[in-house]
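Numbers here simply count residues along the sequence, with the first being 1.
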Amino acid sequence: MTLDRMVMFFAGCMVLLSVLLTMLVSPLFVWFTVFIGLNLVQSSFTGFCPAAIAFRKLGVKSGCAFE
């Protein structure tokens, strides 16, 4: 799996987790979903993605989006 797909997979899992936590634990977990969305928006403009940096350090091969 390339870095691009790994970041998208991770973001999707985090969104699903945050929705589940919002439904089952506390409505305040909706702010976790907001944080994830804001991080996705800023990374689309700046190219800076903390998850991509972490996955790259773990040895995931680079794709075309996060070079």
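We find the CG-CE distance between Leu40 and Met14 to be 12.0 Å, quoted to the nearest 0.5 Å.
Contact of the Leu16 side chain with the Leu20 side chain is not registered, since no non-hydrogen atoms from C-beta on lie closer than 4.5 Å. Contact check for Asn39 versus Pro50: side-chain heavy atoms found under the 4.5 Å cut-off. Using a 4.5 Å heavy-atom cutoff, the side chains of Phe29 and Met23 are not in contact. No side-chain heavy atom of Phe32 sits less than 4.5 Å from a side-chain heavy atom of Thr22. Inter-residue side-chain proximity for Cys49 and Val7 is flagged as met; some heavy-atom pair is nearer than 4.5 Å. Counting only heavy atoms from C-beta outward, the side chains of Val30 and Ser18 never approach each other to under 4.5 Å.
For the side-chain hydrogen bond (donor to acceptor under 3.5 Å, both in side chains) test, residues two or more places apart in sequence or in another chain that qualify with Thr46 are Gln42. Evaluation of the ring pair (Phe, Tyr, Trp, His ring centres under 6.0 Å) rule for Phe55 yields Phe10 as partners, not counting sequence neighbours.
In this structure, Leu58 is a member of the same hydrophobic cluster as Met6, with clusters built from ILVMFWY side-chain heavy atoms closer than 4.5 Å. Clustering ILVMFWY residues whenever any of their side-chain heavy atoms sit less than 4.5 angstrom apart, transitively, puts Val34 in a cluster other than the one holding Val25.
Closest heavy-atom contact between Lys61 and Met1: CG-O, 4.3 Å. Minimum interatomic distance between Arg56 and Leu3 (heavy atoms only, all atoms of both residues): NH2-CD2, 3.5 Å.
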